[in-house]
Trainee: 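Dropping the structure in here first, questions after.
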Amino acid sequence: MTPTLAPTPAPAGGRPTTTRVFSAFQATGRLTLGNYLGAILPAVRLQDEADCVYAVADLHALTVKHDPAALRTRTREVAALLLACGLDRSLLYLQSRVPAHTELSYLLESTAYEGEMRRMIQFKEKAAAQKEVRLSLLTYPALMAADILLHRADLVPVGDDQRQHLELTRDLALRFNHLYGETFVVPRAVHPRFAARVMDLAVPTAKMSKSSASDAGTIHLLDPPADVRRKIMRAVTDSGTEVRHDPAAKPGISNLLDLLAACSGRPAEPSSYGSYGALKKDVAEAVAETLAPIRERFGLLCADPAELDRLLETAATEAIERTSGLLAAARQAIGLA
């Protein structure tokens with residue numbers, strides 16, 4: 001069940017009691033249709049219900065080996081795409097442009113325990129896959145906590161892979177408040193309404209991911225229409241010919257029906273399709289129509305890089321102003337002069 005967007009009272013001297021939502025988007029990889037339908041579109045809709053703050057989490061990309069030039073390019077691309085998708089009614093900024101993120105992260109590292117960090121499932125999985133593990137990979141859950149607590153967020157949209165990190169954020173906030181006095185709002189998880197779970201077109205039992213080893217099953221937001229249609233028409237289907245929604249027995253067809261419903265805005269009617277090909281054709285057109293205005297707005301933003309710079313600089317300035325009070329309160333509470 002989705003929590004109602006009721007405000008959480010702020011600490012003394014805090015912001016007005018308006019429900020605030022915070023989420024961050026990774027700056028690595030190309031955003032996909034799965035990212036859009038599962039996270040970005042619900043975030044766009046939340047703008048009608050709450051004060052929304054979104055960050056492009058470029059600092060998180062430093063936890064693994066990366067190419068600096070590629071990171072800068074991808075960070076701007078993600079920011080422009082998020083604006084093009086409709087997050088222009090939120091405070092959307094680049095995480096690294098607001099120094100309070102790293103300062104508060106250290107204060108929270110000084111509140112956390114090593115064992116808590118080593119128990120993080122994502123750390124275990126990523127560390128096991130690397131020969132050299134950066135220290136920032138171990139400590140970055142404190143940075144994630146700082147991202148959230150810095151904005152006194154009431155609600156944080158989370159997927160299954162982030163539940164443990166939000167629980168750590170809550171633990172750190174409660175511990176800090178207990179040790180040093182009421183400073184942080186303790187956030188709650190929210191599971192956005194209408195969030196679609198999009199599966200890989202080539203492996204319909206796996207979630208569509210921007211880190212997928214194969215490009216065949218992943219639709220990126222900036223894919224040309226011809227590529228979108230080609231990938232969908234080549235999507236893996238199931239044995240038999242009946243079109244029905246049955247994720248266990250027919251994961252490929254069920255994924256296509258879910259995509260059609262999410263992109264068209266109305267329930268799909270399996271009985272109206274006499275063949276897999278007819279379904280794929282409608283899905284391809286619905287997805288292409290959904291992505292067309294996003295690509296158009298993205299093109300306009302990128303055609304004027306000075307304006308994109310201005311938007312991001314203005315947002316960073318606002319984020320610095322918004323968070324200065326909380327950072328000052330945390331510094332004072334923990335004992336810094």
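For the numbers below, each heavy atom of this structure counts, side chains included, while hydrogens, waters and symmetry mates do not. Bear in mind that the values here come from a model prediction, so they are computed numbers and not experimental data.
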Trainee: Do the side chain of R175 and the main chain of T111 share a donor and acceptor less than 3.5 angstrom apart?
Mentor: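 Yes; at least one donor-acceptor contact below 3.5 Å.
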Trainee: Check whether R170 reaches the backbone of P187 with its side chain - one donor and one acceptor, N or O, closer than 3.5 Å.
Mentor: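 Yes: the side chain of R170 pairs with the backbone of P187.
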Trainee: Taking all atoms of both residues into account, what is the closest heavy-atom pair of P267 and A261, and its distance?
Mentor: CA-CB, 4.3 Å
Trainee: Do E103 and R331 come close enough that some side-chain heavy atom pair is under 4.5 Å?
Mentor: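 With C-beta onward as the side chain, the pair touches.
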Trainee: Is it the case that one hydrophobic cluster holds both M208 and V203, taking links as side-chain heavy atoms less than 4.5 Å apart, direct or via other members?
Mentor: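 M208 does not cluster with V203.
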Trainee: Is there a salt bridge (Lys or Arg N to Asp or Glu O under 4.0 Å) between E285 and R229? Walk through the geometry before answering.
Mentor: CA-CA 7 Å; E285 292 307 312; R229 293 185 175 91; 2.8 Å; yes
Trainee: If you count the non-hydrogen atoms of other residues, nucleotides and ligands that lie under 6.0 Å from CZ in R89, is the total more than 12?
Mentor: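 Yes, enclosed.
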Trainee: Can you check side chain to side chain contact (heavy atoms under 4.5 Å, CB included) on V198 and D258, steps first, answer last?
Mentor: CA-CA 8 Å; V198 180; D258 289 340; over 6 Å; no
Trainee: Is there a donor-acceptor pair under 3.5 Å between the side chain of K231 and the backbone N or O of T218?
Mentor: yes
Trainee: Within this structure, what is the CD-CD distance for the pair Q164 and E116, rounded to the nearest 0.5 Å?
Mentor: 10.5 Å
Trainee: Verify the neighbour count for atom CD of Q332: are there more than 12 heavy atoms of other residues, nucleotides or ligands below 6.0 Å?
Mentor: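 Counting other residues, nucleotides and ligands, CD of Q332 stays at 12 neighbours or fewer.
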Trainee: Hey, what do you get for OG1 (T237) to CG (L201), rounding to the nearest 0.5 Å?
Mentor: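 Separation between the atoms: 11.5 Å.
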Trainee: Look only at the side chain of R188 and the backbone of L155, and say whether a donor-acceptor pair between them is shorter than 3.5 Å.
Mentor: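 Such a contact is absent between R188 side chain and L155 backbone.
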Trainee: Taking all non-hydrogen atoms of both residues into account, name the closest pair between A202 and D200 and its distance.
Mentor: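 Distance-wise, the nearest heavy atoms are N-OD1, 2.7 Å.
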Trainee: I'd like to know if I253 and I219 are part of one continuous hydrophobic network [Ile/Leu/Val/Met/Phe/Trp/Tyr, side-chain heavy atoms within less than 4.5 Å].
Mentor: yes
Trainee: Hey, does V156 have a side-chain heavy atom less than 4.5 Å from the side chain of S23?
Mentor: no
Trainee: Verify the cluster assignment for Y36 and I232: are they in a single hydrophobic cluster under the rule of side-chain heavy atoms below 4.5 Å apart?
Mentor: yes
Trainee: What's the verdict on salt bridge (Lys or Arg N to Asp or Glu O under 4.0 Å) for R20 and D154, showing C-alpha distance, side-chain angles and the deciding distance?
Mentor: CA-CA 5 Å; R20 179 166 292 169; D154 303 293; over 6 Å; no
Trainee: Which atoms form the tightest heavy-atom contact between S105 and A146, and what is the distance?
Mentor: N-CB, 3.6 Å
Trainee: Test of understanding: clusters of I, L, V, M, F, W, Y form through side-chain heavy atoms closer than 4.5 Å, transitively. Do V56 and L311 belong to the same one?
Mentor: yes
Trainee: Is a side-chain N or O of D238 found less than 3.5 angstrom from the main chain of A249, in a donor-acceptor match?
Mentor: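 Flag not set: sc D238 to bb A249 has no pair under 3.5 Å.
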Trainee: Does the side chain of L149 reach to within under 4.5 Å of the side chain of T169, using non-hydrogen atoms?
Mentor: yes
Trainee: Please give me the minimum heavy-atom distance between R152 and T183, naming the atom from each residue.
Mentor: NE-O, 4.3 Å
Trainee: Kindly indicate whether the side chain of T28, heavy atoms from C-beta on, has any atom under 4.5 Å from the side chain of R74.
Mentor: no
Trainee: Any side-chain to backbone donor/acceptor pair from R297 onto A84? Under 3.5 Å, distance only.
Mentor: yes
Trainee: Quick one, E167 with R163, criterion salt bridge (Lys or Arg N to Asp or Glu O under 4.0 Å). Give me CA distance, side-chain angles, the key distance, then yes/no.
Mentor: CA-CA 6 Å; E167 285 305 311; R163 290 176 187 270; over 6 Å; no
Trainee: Does any N or O in the side chain of T102 come within less than 3.5 Å of the main-chain N or O of P99, such that one atom is a donor and the other an acceptor?
Mentor: yes
Trainee: Taking the side chain as C-beta and beyond, is there a heavy-atom pair between F184 and L326 under 4.5 Å?
Mentor: yes
Trainee: Verify the distance criterion only: is there a donor paired with an acceptor across the side chains of N35 and T32 at less than 3.5 Å?
Mentor: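 Per modelled atom types, N35 and T32 side chains form a pair under 3.5 Å.
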Trainee: Just checking, is any N or O donor in the side chain of D58 or T75 under 3.5 Å from an acceptor N or O on the other one?
Mentor: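 No.
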Trainee: For a side-chain hydrogen bond (donor to acceptor under 3.5 Å, both in side chains) check, start with the C-alpha distance between Y273 and D282, then their side-chain angles and the critical distance, and finish with the verdict.
Mentor: CA-CA 10 Å; Y273 293 100; D282 279 3; 2.6 Å; yes
Trainee: So, R97 and E313, do they make that salt bridge, N to O below 4.0 Å?
Mentor: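 Looking at E313 together with R97, the answer is yes, because their closest N to O distance falls below 4.0 Å.
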Trainee: Do you know which two heavy atoms are closest between L312 and A79, and how far apart they sit?
Mentor: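 Shortest heavy-atom contact: CD2-CB, 4.0 Å.
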Trainee: Would you name the heavy atoms of E109 and A142 that are closest together and state the gap between them?
Mentor: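 Nearest heavy atoms, E109 then A142: CG-CB, 3.7 Å.
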Trainee: Is the Y54 to F22 ring centre distance short of 6.0 Å?
Mentor: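 Here the rings of F22 and Y54 have centres that are no less than 6.0 Å from each other.
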Trainee: Working to the nearest 0.5 angstrom, can you tell me the gap between L257 CG and K250 NZ?
Mentor: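 Output value for this atom pair is 10.0 Å.
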Trainee: Keeping K280 on the side-chain end and A235 on the backbone end, is there a donor-acceptor pair under 3.5 Å?
Mentor: yes
Trainee: Would you check, one step at a time, whether the test side chain to side chain contact (heavy atoms under 4.5 Å, CB included) holds for R118 with L138?
Mentor: CA-CA 7 Å; R118 294 195 181 278; L138 176 66; 3.8 Å; yes
Trainee: Can you check side chain to side chain contact (heavy atoms under 4.5 Å, CB included) on D309 and R76, steps first, answer last?
Mentor: CA-CA 9 Å; D309 286 340; R76 286 177 62 83; 2.3 Å; yes
Trainee: Is L59 linked to L108 within one hydrophobic cluster, defined over Ile, Leu, Val, Met, Phe, Trp and Tyr using a side-chain heavy-atom separation of less than 4.5 Å?
Mentor: no
Trainee: Any side-chain heavy atom of V190 within less than 4.5 Å of one from V158?
Mentor: no
Trainee: When the ring centroid of Y93 is compared with that of H101, is the distance short of 6.0 Å?
Mentor: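 Here the rings of H101 and Y93 have centres that are less than 6.0 Å from each other.
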Trainee: Going through the checks in order, is the side chain to side chain contact (heavy atoms under 4.5 Å, CB included) test met by L172 and Y113?
Mentor: CA-CA 10 Å; L172 294 179; Y113 305 131; over 6 Å; no
Trainee: Quick one: does F25's side chain get under 4.5 Å of L87's, heavy atoms only?
Mentor: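 Yes, their side chains come closer than 4.5 Å.
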Trainee: When rounded to the nearest 0.5 angstrom, what distance separates CG in D67 from CZ in R72?
Mentor: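 Output value for this atom pair is 8.5 Å.
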Trainee: Is the backbone of A286 close enough, under 3.5 Å, to the side chain of E289 for a donor and an acceptor to pair up by distance?
Mentor: no
Trainee: Kindly compute the distance separating CG (L33) from OG1 (T290), expressed to the nearest 0.5 Å.
Mentor: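 So the gap between those two atoms works out to 7.5 Å.
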Trainee: Judged by atom type as modelled, is there a donor-acceptor pair below 3.5 Å linking the side chain of T63 to the main-chain atoms of H60?
Mentor: yes
Trainee: Taking side chain as C-beta onward, heavy atoms only, is P141 less than 4.5 Å from M117?
Mentor: yes
Trainee: Out of curiosity, L291 CG to L222 CG, how far, rounded to the nearest 0.5 Å?
Mentor: 9.0 Å
Trainee: Going through the distances and angles, do D227 and H220 end up as a side-chain hydrogen bond (donor to acceptor under 3.5 Å, both in side chains)?
Mentor: CA-CA 9 Å; D227 288 354; H220 299 99; over 6 Å; no
Trainee: Centres of the H165 and Y140 rings: under 6.0 Å?
Mentor: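 That pair passes the under 6.0 Å test.
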